[in-house]
Amino acid sequence: MAEVRVRFAPSPTGELHVGSARTTLFNWLFAKHQRGTYILRFEDTDTERNRPELVEPIMESYRWLGLLWDEGPYFQSQRFELYRQHAQKLLEQGHAYKCYCTPEELEARRKEAMAAKRNPRYDRRCRDLTPEQEQAFIKEGRKPALRIKAPSTGVTVVDDLIRGRVEFDSTDLDDFIIQRGDGRPTYNFAVVVDDVLMKITHVIRADEHLNNTPKQILIYRALNYPLPVFAHVPMVLAKDRSKLSKRHGSTAVSEFQDRGILPEALVNYLARLGWSHGDQEIFTIDELIQHFALEQVHPSAAIFDEEKLLWLNHHYIKSGDPKKIGEQVRAFLVKRGHMSESDAQAVPSETLAKIVDFFKERNRTLVELADSASYLLKDSISYDPEGVKKFLTPDKFPLLEGLAIAFSDVPEFKTATLDHVARGYLETKGKTLKDVAQSCRVAITGRTTGAGLFETMEILGRDKVITRLRQANTLISQASREN
RNA sequence: GGUCCCAUAGUCUAGCGGCCUAGGACGACGCUCUCUCAAGGCGUAAACACGGGUUCAAAUCCCGUUGGGACCGCCA
């Protein structure tokens, strides 16, 4: 069997949309599963999009996700000569013809047709021009575009791996343009020429292209090339079932990266969106490669569910290597404004790993982890005003002070010891841990939520704990003076 | 207006004619554990869009209706 070759062909927009990322993932998994080749190609025939700053972020997101390409990236903007040659061939063989209508004229006719609720199709008026008519147009200085001759009878069948057999009535096909007046190819033409030249065996792309497929098949036929296998994957929609766009929140892969999502979580989530393997939810990359099959892709559109993504992210934070995750937290310490670049670099990896291990049960993203880490690492902390108001009340003053004293001479500052000493002290006052735990927590962390109190103390260390317990007392007296 | 695609709980899905009084997961809710918040454990609610066929038998096959979506550019 011939080698499987697939490609993904994004338009350079400056960012990688999660929908594109998923389609790419399906291509990539299919290629890996088949031990084939995955090719990256940028569709930038539109010169507006032919800019490096629009391309690089996309490749960066691919690298982050681990979706590396085996070949490319190719740029259509560098292949215009190839398309011109093929268009010329079609012209010579009578599969295409010159059209002298101007874009303005066409636009006017299209609008008119739409207004009259007629089909906005090209009327083929240039298909059989006499030499005299053509000469007249040339004299006017019109630059001809090239149109393909579409058949007026029969059906075009798309055999789709996900949709099954889809029929299109050929009478609906337009004599669409394959080469613009300035010699640049149009999308549908460049795609086919490239797919042919790059020996693409399976075209796996978004659903929105299904309607383009009969047009492309027309070009394959005119060029006399065999068809690839087509597979149109369903779209990813927003909560309101419309196309997932900016107004729905995060859409770019880089935004998820910035929000502290792990690449393995996003990959796992995207893979499971529209595809399934029995009841399995968690997949390693190797498992995805092993089990992925286009036949198992669910044909209906799927809604992007952030909650489930977060759940998966949490899973990978809990089950991952704390040291590796800790290293990723380091960058967020700076991004979140908790510390300077150099201070963040100075934190030992062991400390970060310990912190990750400590908070992984309750933090779902790297951002949350970084925020948690900040109050353990920094000397000064900020206090949650609600927590202060509720728990740092004057009646707690003697207890916190008493604990500070009790803690100052424990032999070793360890969880079990602290627990024992604290409970012992509270008993002498006729109190329980419950009476003071939350006040203590606000005093030493500034927050009302967090990990185990004594574990937190152990990590903070004697100095910070005692200092903060006493600082809390000044907070209390300030508050009572204000009242 | 035309063409095409899609249709199981709020969401992702299993199901490919009998195993379905429809399974799993996220989310929601409740209980439990507990120094808080989580995590964990246990449990509850929640779906085959509708109408016709085909068949001994339909979530599963066919047709229609409704609803959603995509495309109809000298954009990609």
Side-chain angles (χ1 to χ4, degrees), chain A residues 9-13 43-46 48-49 76 99 101-104 106-107 110 113-122 143-147 158 160 162-163 166-169 172-174 176-188 190-191 206-215 232 234-235 237 239 241-243 269 272-282 296 298-312 314 318 359-364 387 391 419 422-423 432-442 445 447-454:
Chain A
S11 170
T13 54
E43 314 239 300
D44 56 350
T45 54
D46 181 0
E48 298 286 299
R49 308 194 188 190
Q76 292 191 324
C99 170
C101 301
T102 65
E104 294 73 30
L106 292 168
E107 181 59 26
R110 185 177 310 119
M114 288 288 237
K117 302 215 168 187
R118 275 183 291 117
N119 251 346
R121 289 192 15 223
Y122 177 63
K143 290 258 185 288
L146 252 41
R147 284 185 185 272
V158 178
D160 192 281
I162 296 170
R163 313 273 146 193
V166 184
E167 287 187 11
F168 293 87
D169 199 329
D172 294 326
L173 282 176
D174 218 352
F176 58 95
I177 289 173
I178 58 173
Q179 191 179 76
R180 300 172 170 100
D182 63 5
R184 285 153 53 230
T186 57
Y187 165 77
N188 280 120
V191 164
D207 216 10
E208 53 190 326
H209 294 292
L210 185 56
N211 283 296
N212 279 325
T213 309
K215 291 185 182 179
H232 287 92
M235 317 242 324
L237 304 178
K239 260 196 161 61
R241 305 211 74 90
S242 66
K243 222 167 171 173
Y269 177 72
R272 240 338 242 92
L273 194 64
W275 171 82
S276 61
H277 178 67
D279 286 339
Q280 190 170 348
E281 295 287 349
I282 309 287
Q296 291 300 317
H298 194 90
S300 63
I303 291 173
F304 194 90
D305 180 6
E306 294 232 355
E307 275 302 324
K308 190 160 181 188
L309 205 215
L310 249 19
W311 171 76
L312 272 163
H314 194 193
K318 282 188 289 181
F359 282 113
K360 64 184 183 186
E361 296 294 343
R362 59 209 88 220
N363 285 170
R364 300 201 290 180
F391 295 111
D419 190 319
R423 285 179 202 269
T432 65
L433 187 56
K434 226 180 174 94
D435 294 321
V436 75
Q438 278 303 78
S439 306
C440 234
R441 181 183 307 282
V442 173
T445 70
R447 306 160 165 234
T448 56
T449 64
L453 189 57
F454 302 109

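Proteins get letters first, then strands, A, B, ... in listed order; numbering begins at 1 in each. These numbers come from the heavy atoms of this one structure, side chains and all, not from hydrogens, waters or symmetry mates.
B:U21 and B:C48: their P atoms are spaced 15 Å apart (whole Å). Between B:U54 and B:U13, the two C1' atoms lie 29 Å apart (nearest whole Å). B:U60 and B:A25: their C1' atoms are spaced 22 Å apart (whole Å). Nucleotides B:C16 and B:A7 are separated by 16 Å at their P atoms, to the nearest Å. Taking atom C1' in both B:A14 and B:C26, the straight-line distance is 15 Å, to the nearest Å. Taking the C1' atoms as reference points, B:C50 lies 48 Å from B:C33, given to the whole Å. Of the C1' atoms belonging to B:A59 and B:G51, the separation is 16 Å, rounded to the nearest Å. Nucleotides B:U65 and B:G2, compared at atom P, are 13 Å apart to the nearest Å.
Pairing for B:A38 is absent, with no Watson-Crick or G-U wobble pair whose two atom distances lie under 3.5 Å. The partner of B:A49 is B:U65, by the rule that a Watson-Crick or G-U pair needs both atom distances under 3.5 Å. Remark: B:G73 base-pairs with no nucleotide in the shown strands. Criterion, Watson-Crick or G-U wobble with two distances under 3.5 Å. Using the Watson-Crick or G-U wobble rule with both distances under 3.5 Å, B:A22 pairs with nothing in any strand shown. Across all strands shown, B:A14 has no partner, as no Watson-Crick or G-U wobble contact with both distances under 3.5 Å is found. Pairing partner, B:U55: none, since no Watson-Crick or wobble contact has both distances short of 3.5 Å.
Between the P atom of B:C4 and the NE2 atom of A:His232 lies a distance of 15 Å, rounded to the nearest Å. Put simply, CD on A:Gln76 is 17 Å from P on B:C74, counting in whole angstrom units. Here B:U3 presents its P atom at 12 Å from CZ of A:Phe168, a figure rounded to the nearest Å. Protein atom CZ of A:Phe176 is 17 Å distant from nucleotide atom P of B:C71, rounded to whole Å. Atom pair A:Tyr122:OH and B:G2:C1' shows a separation of 20 Å (rounding to whole Å applied). The CD atom of A:Gln179 sits 17 Å away from the C1' atom of B:G73 (whole-angstrom rounding). The nearest whole Å value for the distance from the CZ atom in A:Arg184 to the P atom in B:G73 is 17 Å. Atom CG in A:Leu210 sits roughly 9 Å away from atom C1' in B:A70 (whole-Å rounding).
In this view, A:His298 satisfies the ring-ring contact (aromatic ring centres under 6.0 Å, His included) rule with no residue, not counting sequence neighbours. Applying the side-chain contact (heavy atoms from CB on, under 4.5 Å) criterion to A:Ser276, with sequence neighbours excluded, gives A:Arg272. Checked against side-chain contact (heavy atoms from CB on, under 4.5 Å), A:Arg147 has the following partners two or more places apart in sequence or in another chain: A:Tyr97, A:Cys99, A:Leu106, A:Tyr122, A:Asp175, A:Ile177. Legend: residues meeting ring-ring contact (aromatic ring centres under 6.0 Å, His included) with A:Tyr269, ordered by chain and number and at least two apart, are A:Phe304. Scored by the side-chain contact (heavy atoms from CB on, under 4.5 Å) test, A:Thr449 finds no partners at all (sequence neighbours excluded). Remark: A:His209 pairs with A:Tyr187 by the ring-ring contact (aromatic ring centres under 6.0 Å, His included) rule, at least two apart or across chains. Applying the side-chain contact (heavy atoms from CB on, under 4.5 Å) criterion to A:Gln76, with sequence neighbours excluded, gives A:Arg41, A:Glu43, A:Asp44, A:Thr45, A:Tyr83, A:Ala190, A:Asp194.
Listed pair A:Arg121 / B:G1 fails the phosphate criterion, with no side-chain N or O lying under 4.0 Å from OP1 or OP2. For the pair A:Thr45 and B:A76, the criterion of a side-chain N or O lying under 4.0 Å from OP1 or OP2 is met.
Heavy atoms of A:Arg272 sit under 4.0 angstrom from at least one base atom. As judged by a 4.0 angstrom heavy-atom cut-off over every strand, A:Asp435 is placed among residues making no nucleic acid contact. Using a 4.0 Å heavy-atom distance criterion, A:Cys99 is classed as making no nucleic acid contact. Nucleic acid contact for A:Glu167: sugar-phosphate only, since backbone atoms but no base atoms lie under 4.0 Å from a heavy atom of the residue. Contacts of A:Pro120 with the nucleic acid, taken as non-hydrogen atoms under 4.0 Å apart, include base atoms. Using a 4.0 Å heavy-atom distance criterion, A:Arg447 is classed as making no nucleic acid contact. Among the heavy atoms of the strands lying under 4.0 Å from A:Ile303 are primed sugar atoms or P, OP1, OP2 only; no base atom is included.
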What pairs of nitrogen or oxygen atoms, one from the protein and one from nucleotides 64-69 of chain B, lie under 3.5 Å apart?
none

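Nearest nucleotide to the side chain of A:Ala302, out of B:G73, B:C12, B:C74: B:C12. Of the candidates B:A14, B:C4, B:C74, B:C4 carries the atom nearest the A:Val166 side chain, counting heavy atoms from C-beta on.
You'll find the side chain of A:Leu273 stays beyond 4.5 Å of the side chain of A:Ile303, heavy atoms only. No side-chain heavy atom of A:Arg163 sits under 4.5 Å from any side-chain heavy atom of A:Val158.
Between the side chain of A:His314 and the backbone N or O of A:Glu361, at least one donor-acceptor pair lies under 3.5 Å. Between the A:Asp174 side chain and the A:Phe176 main chain, no donor and acceptor come within less than 3.5 Å of each other.
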Inset, instruction - Sugar-phosphate atoms are those with a prime plus P, OP1 and OP2; base atoms are the rest. Using that split, label each nucleotide of nucleotides 25-44 of chain B B, S or - for protein heavy atoms under 4.0 Å, 5' to 3'. - result: SBS-------BBBBSS----
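Summarising the geometry of A:Pro214 relative to A:Leu173, their closest heavy-atom pair is CB-CD2, 4.1 Å, with the distance given to 0.1 Å.
Nearer the 5' end of RNA chain B, as judged by each residue's closest nucleotide, is the contact made by A:Pro299, out of A:Pro144 and A:Pro299.
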